[in-house]
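Each chain gets a letter, A, B and so on, in the order the sequences are listed, and its residues count up from 1.
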Amino acid sequence: MMNFVLFLSLCFVLGGLAVASNPSPYYGVVGLVLASIAGCGWLVSLGVSFVSLVLVMVYLGGMLVVFVYSVALAADPYPESWGDWRVVVYGVGLGLVVVAGMVVLGLFDYMSEGNTVNSTGLMSVRVDFSGVAMFYSRGAGLFLVAGWGLLLTLFVVLELVRGLSRGAIRAV
Amino acid sequence: MTSLHLSFYSAFTLSGLGLAFHRTHLISALLCLESMMLSMYVALAMWPIQTHTPSFNMIPILMLAFSACEAGTGLALLVASARTHGSDHLHNFNLLQC
């Protein structure tokens, strides 16, 4: 079971590399979707299923969907995917930088299994449910602050895209 | 450093490097920012698992709320740029160019 978690964490890192290696945005979103699905599976394998479901619904089903149809604004006549040499060079270069950093810092010497739920044998399925439920009882002030911030962001976005010489960023 | 910690540290570093380097489109930089937020979410969600503290499970969800705010603002900037300059190419942002 631990090997599955390691495979999912590897998929997570590869998704991040796929976004960072500068393909055309149409293909970059695919890397982000892969990374978020691998992250969800990873969190479920570790036992916390609620935060994983929140990630799927809010991040993948809310934010990434909006990103996917916003990449229509980034039209390229010749989109570069991961088969182009430019993207491959970027990806290999970034991977080498990270590996070199790990070697220099000596991180390969201290690899251990880790103290997660799988290694100690506990299944903490109720940890995340009760923790998030505390958001409504003890953390009500924080909840209201977050809600106020979200409402404020709505008006920020409205102000930024108002346009026609009355908005914040328009030349015409 | 466990291998699980290493994977989200390296995902964060890769996305941060991807944000820092030159690219053609603004939305590629926004995607790298989103990838950084995703790795931070997974890191914050793994922390209460390992320390067995239930009340810290609300922190990744709070972070996700503010990350949604930031993504929305970034996309609004993208739309404003596309309306003003016709595309979201980064070489259009040359107001401070000497």
If you count heavy-atom pairs within less than 4.5 Å of chain A, which of B/T53, B/V79, B/L75 leads?
B/L75
Check: A/Y59 main-chain N/O paired with B/Y41 side-chain donor or acceptor under 3.5 Å:
no
Does B/F21 reach the side chain of A/L94, with side-chain heavy atoms less than 4.5 Å apart?
yes
Heavy-atom check, side chain of B/F8 versus side chain of A/S9, under 4.5 Å:
no
Which answer fits A/L43, side chain, backbone, both or neither, if we ask what part of it has an atom under 4.5 Å from a heavy atom of chain B?
side chain
Got a second to check how far B/S28's OG is from A/Y27's OH, nearest 0.5 Å?
13.0 Å
At what distance, to the nearest 0.5 angstrom, does CG of A/L154 lie from OG1 of B/T73?
10.0 Å
When clusters are formed by joining ILVMFWY residues with side-chain heavy atoms under 4.5 Å apart, either directly or through shared neighbours, do A/L34 and A/L17 land in the same one?
no
With side chains defined as the heavy atoms from C-beta onward, is the minimum distance between B/I27 and A/S70 less than 4.5 Å?
yes
B/L30 portion near chain A, given a 4.5 angstrom heavy-atom threshold:
both
Please state whether the side chain, the backbone, both or neither of A/V71 comes within less than 4.5 Å of a heavy atom of chain B.
both
Determine, using the 4.5 Å side-chain heavy-atom cutoff (strictly less than), whether A/L53 and B/L44 are members of one ILVMFWY cluster.
no
I'd like to verify something: which residue of B/G18, B/A11, B/S7 has the highest number of heavy-atom pairs under 4.5 Å with chain A?
B/S7
Heavy-atom pair with the smallest gap, counting every atom of B/C69 and A/T153
SG-OG1, 3.1 Å
Check whether A/L152 gets within reach of chain B through its side chain, its backbone, both or neither, counting any heavy atom under 4.5 Å.
neither
Most chain A-contacting option - heavy-atom pairs closer than 4.5 Å, from B/L78, B/L38, B/L14, B/L17
B/L38
Can you check whether B/M46 reaches A/W42 side chain to side chain, under 4.5 Å on heavy atoms?
yes
A/M63 portion near chain B, given a 4.5 angstrom heavy-atom threshold
side chain
Measure distances from B/L31 to the heavy atoms of chain A and classify the residue's part below 4.5 Å as side chain, backbone, both or neither.
both
Please report the closest heavy-atom contact between B/A80 and A/L160, naming both atoms and the distance.
CB-O, 3.8 Å
Hydrophobic clusters here meaning ILVMFWY residues chained together by side-chain heavy-atom distances under 4.5 Å, can you tell me if B/F66 and B/L19 are in one?
yes
Shortest non-hydrogen contact between B/S35 and A/G16, atoms and distance
OG-CA, 4.0 Å
Any heavy-atom pair between the side chains of A/V13 and B/L6 that's under 4.5 Å?
no
Separation of B/H25 NE2 from A/Y26 OH (nearest 0.5 Å):
7.5 Å
Verify the cluster assignment for A/L96 and A/V89: are they in a single hydrophobic cluster under the rule of side-chain heavy atoms below 4.5 Å apart?
no
Where does B/I61 contact chain A at under 4.5 Å (heavy atoms): side chain, backbone, both or neither?
side chain
Single-linkage hydrophobic cluster, 4.5 Å side-chain cutoff, B/F56 and A/Y136 together:
yes
Of the listed residues (A/F135, A/Y90, A/F50), which shares the most heavy-atom pairs with chain B below a 4.5 Å separation?
A/F135
Say you draw a straight line from OH of B/Y9 to CE of A/M102; how long is it, rounded to the nearest 0.5 Å?
13.0 Å
Tell me, side chain or backbone of A/L142 under 4.5 Å from chain B's heavy atoms, or both, or neither?
both
Does any backbone or side-chain atom of B/A82 lie under 4.5 Å from a heavy atom of chain A? Answer side chain, backbone, both or neither.
side chain
Side chain / backbone / both / neither for A/V19 at chain B, heavy atoms under 4.5 Å
both
Separation of A/S24 OG from B/R23 CZ (nearest 0.5 Å)
11.5 Å
Side chain / backbone / both / neither for A/V97 at chain B, heavy atoms under 4.5 Å:
side chain
pair B/L4-A/L46: side-chain heavy atoms closer than 4.5 Å
yes
